[in-house]
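One structure is given below, encoded as C-alpha cells.
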Amino acid sequence: MNKLCLLGLVVSLASQSAYADTSAAPLQDKQAFIANLIKQMTLDEKIGQLRLISIGPEMPREMIRKEIAAGRIGGTFNSITRAENRPMQDAAAKSRLKIPMFFAYDVIHGHRTIFPISLGLAASWDMDAIAKVGRVSALEAASDGIDMTFAPMVDIARDPRWGRTSEGFGEDTYLVSRISKVMVESFQGQSPAAPTSLMAAVKHFALYGAVEGGRDYNTVDMSPTKMFNDYLPPYRAAIDAGAGGVMVALNSINGVPATSNTWLMNDLLRKDWGFKGVTVSDHGAITELVRHGVARDGREAAKLAIKAGIDLSMNDSLYGEELASLLKAGEVDQADIDNAVREVLGAKYDMGLFEDPYRRIGKASDDPADTYADSRLHRAEARDVARRSLVLLENRKQTLPLKKAGTIALVGPLADAPIDMMGSWAAAGRPHQSITVREGMRQVLGDKAKVIYAKGSNVTHDKAILDYLNFLNFDAPEIVDDPRPAAVLIDEAVKAAKQSDVVVAVVGESRGMSHESSSRTTLEIPAAQRELIKALKATGKPLVLVLMNGRPLSLAWEREQADAILETWFSGTEGGNAIADVLFGDYNPSGKLAITFPRSVGQIPMYYNHLSIGRPFTPGKPGNYTSQYFEEPNGPLYPFGYGLSYSDFSLSNLSLSSKTVKQGQDLDASIVVKNTGKRDGETVVQLYLQDVTASMSRPIKELKNFHKVMLKAGEERTLHFTIKADDLKFYNGQLQWAAEPGEFRVQVGLDSQAVQQQSFELL
Ligand code: NOJ
C-alpha cells in the first residue's frame, strides 16, 4: 500500500478496537498493533490464520463456522454474497482474539457484470476502458462482501495451445505491464481499505504462461535474461502499483517449483522488489510438492513451503497437520511461522478489516433484496468496453458494416449461446443475463431488417471432447448438443442463407475450450463448424464470420472463405449488443490484437519480438538455409498489433528530435497520423524500438509506447512519443539493467509489421 493510502486509513481509523489487549498498541500503528496481536496468539491460532479454504462441497458450512470460531481458518474464497459471508464473520467475532476473516474470489474480468475476457480487454489497448473494468468489478464484488481478488493474471502467453491464454493480456511485456498496473490501481482504488475496493493478488508468480508445449501445469525452463526482460516485468508492475497480494504459480521454474522457490519469493520478490504484502499458494500447491518430486512427504512439503515464503496455504491441509510438529522438532523456526502470520494479518489490516470486519458485508438490513437483480449490473459500461475489444480481421469489398435492411441469415452454434458470451472465470455472472449475438441483433435492428436464425452445427462432432467440456461445469451442461444429424442442421442453415442477402456465422470455441486445463493440440475451429462454413460459402452469399474464442486460432482456410471476419473473443454480458453495434456500423471497430495469430499450430512459438538470428527468413525471398518452414508461407497470419477499422489511417513523417542521445537523456519521436477514410474512428499508433547491436542478441523490435487516438474523417494530427532513457535498457548477460551505446531503430506503425523507421545513436 502506498504512503498516501496508509495516511488516509490512519486518519479514518477508530481509536477503539475490539481485539483482545490493544492497550499496548493502538490500531493506528500497524506494525505495533500486529506485533502485539501476534504476542497474544497461541500456536494453533497462528497456524489457523495461514489457512485459506474454499467454500464448496468439501466442508459443510456449519463446520466451517465452527473452525472459524475456534481460530482455525484465516480466510475463505468462493462465497459470493453478503448473506453467505456474514455468518462466517460473525463466527470470527466469537473467536478468542476476534481476528476478522477475509473473503476472496476470482474476480478476473467482472463480477456480476461480465466484461470481455482479459485477452479481449488487452485488444482494446485502452487503459481508461480497462480501468473501468477494474473499478466496476471492485465495486460489485465489494458490495457482495468480497475483500480480495485473485487478479490480475499477468502471465505472458506465447503458446496459444495453453487454455489460460484467454485469462491473460497477451504476449507482450510492455502492454501486459501497463495493463497490470491499471488493473491493480483500479481494483484497489484509493486504498484496498476502502469499502468499495478489493485487494489485488497478482498471479501466477511466476512464468506460468511459459509451460512447455502449452500444456497446463507443465514445467517451465527459461534463461534468466528471458525471464527478466520478458516474463517478470508484468508482476513487478503490479507490485510497484501496490498490489497487496501475490499468488504463487503451480509450475516449477528451471526445476524448482514456485511454491518451494526461496529465490523467487524471498530473494526476488521480497528483497529485490521490496514486496510487503501477503503470498498465497495456488490450489493444493503445497501438497503437489510431493508430486513435483522435491518433497518426500507432506511434512517436508509444508516445511519447504513455509521456509520459501508461502504465507497463506490455499485449500491445503498440510500447514495445519505439520507445522506444529515441525516447530517442535526444530525443523521450522518460530520466526518462519510468525513472518507468515504477520503478512496475513497485515493484509487484513490493509483491507481495513481490523477497523471494521463488516466493512464490505454491511448490515443484513442493507442487503440487496435480489442479489441477482439486473439493476445491480453495469450494462452501459460493459457494452462500451466490449465494443472496444473487438478486432476486425478482414473486410473485403466493404462487406461490413451491414445495412439495417433486408434479410440476414444468422447461423452458428455460438450465435445464441449465453454461457459462452461470458468466457471462462465468469465470477458471479449469470448466463441468462448475457446478451447473445442473436439477441443483440434483435435489439439493434428492431424491425428494420429480418433475421433468420439457424444453429447450423454443433460446437463439435467429437463426443469425447463434448464430454470433457461438459465435465468442466458442475452446475449445468456447458454445451447443449442439438441431437439432429449434422446434415439436417447444415441444410437448415443453407436454406436460411439462400433466403438472405448476407450470412453472419458465429463460430469458434465454446468457452470451456479456452480455460484452465483446456490445452489444445490444434488451433482450428472444430470440424463440425468448418463443414458449416464450407456449405455457407457454397451458397455464394456474402459471408461474415463472427469469431468467439479465447486464444489465437489458425484461420488461413477461413480467411479464404469469408468476406469479413470479426474477432469478438468472449465479450461478456453485453457482448451481443456490442457485436451488433460493430456489425451494423453504430461503432467503428478499433481493437488491435494483443497476441500473434499464427497460420498453423506448427509455427508455435510465434511472437513478434523474437531475438535476432543469424539466418532470418526474408519475406518475399524464399530460399534454402534460412529460418523457415517450407510447407506453408512464413510469418503470422495476423501480426501482433493488427486490426482494421471502417476508416483508413495513414502514417507519415516519422522524425526524431536528434540523431544522437546521451546516456540518461530522453528523445522525442513524432509522426503524423491521418484518418483518410470517410468515417470518424480510432486507431492505435505503436512505437517499437530495436537495439541493433548489443552485447547479446536483442529482439527484432519491442513495443515501448503507443497512443490510441480518435480522429474525425479527414483529420490529421502530429503525435509525440518520448523515448525515455529506461526504454533503451535491458537485462544483459550479467543481469545488469543497462543501456549499451550504439544504433537504435525506432519503428512506428499501426501494427507490428508495417512500420516506418528511423535510427539514432546512443553515445
Ligand atoms: C486455481 C487457479 O490456478 C487460480 O488461478 C485460482 O485463483 C484458484 N484456483 C482459486 O480459484
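Counting starts at 1 for both ligands and their atoms, following the listed order. Note that the coordinates shown come from a computational prediction; the quantities given were computed from them, not determined experimentally.
- When non-hydrogen atoms are compared, ligand 1 lies under 4.0 Å from the side chain of K203 (C-beta onward) but not from its backbone.
- For atom 7 (O) of ligand 1, the closest non-hydrogen atom of the protein is D106 OD1, 2.6 Å.
- In this pair, F640 and W125 present their aromatic rings tilted. The plane angle is within the 30 to 60° band.
- Shown in contact with F77 at under 4.0 Å from a heavy atom are these atoms of ligand 1, numbered in order with element: 10 (C), 11 (O).
- Annotation: side chain of N218 is not in contact with side chain of N251 (no heavy-atom distance under 4.5 Å).
- Close contacts between ligand 1 and F150 involve ligand atoms 7 (O) [criterion: under 4.0 Å to a heavy atom].
- Inclusion of W425 in the set of residues having an N or O under 3.5 Å from an N or O of ligand 1 is not warranted.
- Atoms of ligand 1 lying under 4.0 Å from at least one heavy atom of M247, given by number and element, are 4 (C), 7 (O).
- A cation-pi arrangement, defined by a distance under 6.0 Å to the six-membered ring centre and an angle within 45 degrees of its axis, is present between R158 and Y607.
- Looking at D155, D282, L250 and measuring to atom 8 (C) of ligand 1, the nearest heavy atom belongs to D282.
- Close contacts between ligand 1 and E516 involve ligand atoms 1 (C), 2 (C), 3 (O) [criterion: under 4.0 Å to a heavy atom].
- A perpendicular orientation is assigned to the rings of Y208 and W162, their planes being inclined by more than 60° (bins at 30° and 60°).
- Protein heavy atom at the shortest distance from atom 5 (O) of ligand 1 is H204 NE2, 2.6 Å.
- At least one N or O atom of R164, backbone or side chain, sits closer than 3.5 Å to an N or O atom of ligand 1.
- Side-chain contact check for I114 versus S434: every heavy-atom pair is 4.5 Å or farther apart.
- The shortest distance between side-chain heavy atoms of W425 and E516 falls below 4.5 Å.
- Of all heavy-atom pairs between G309 and T279, the closest is O-OG1, 2.6 Å.
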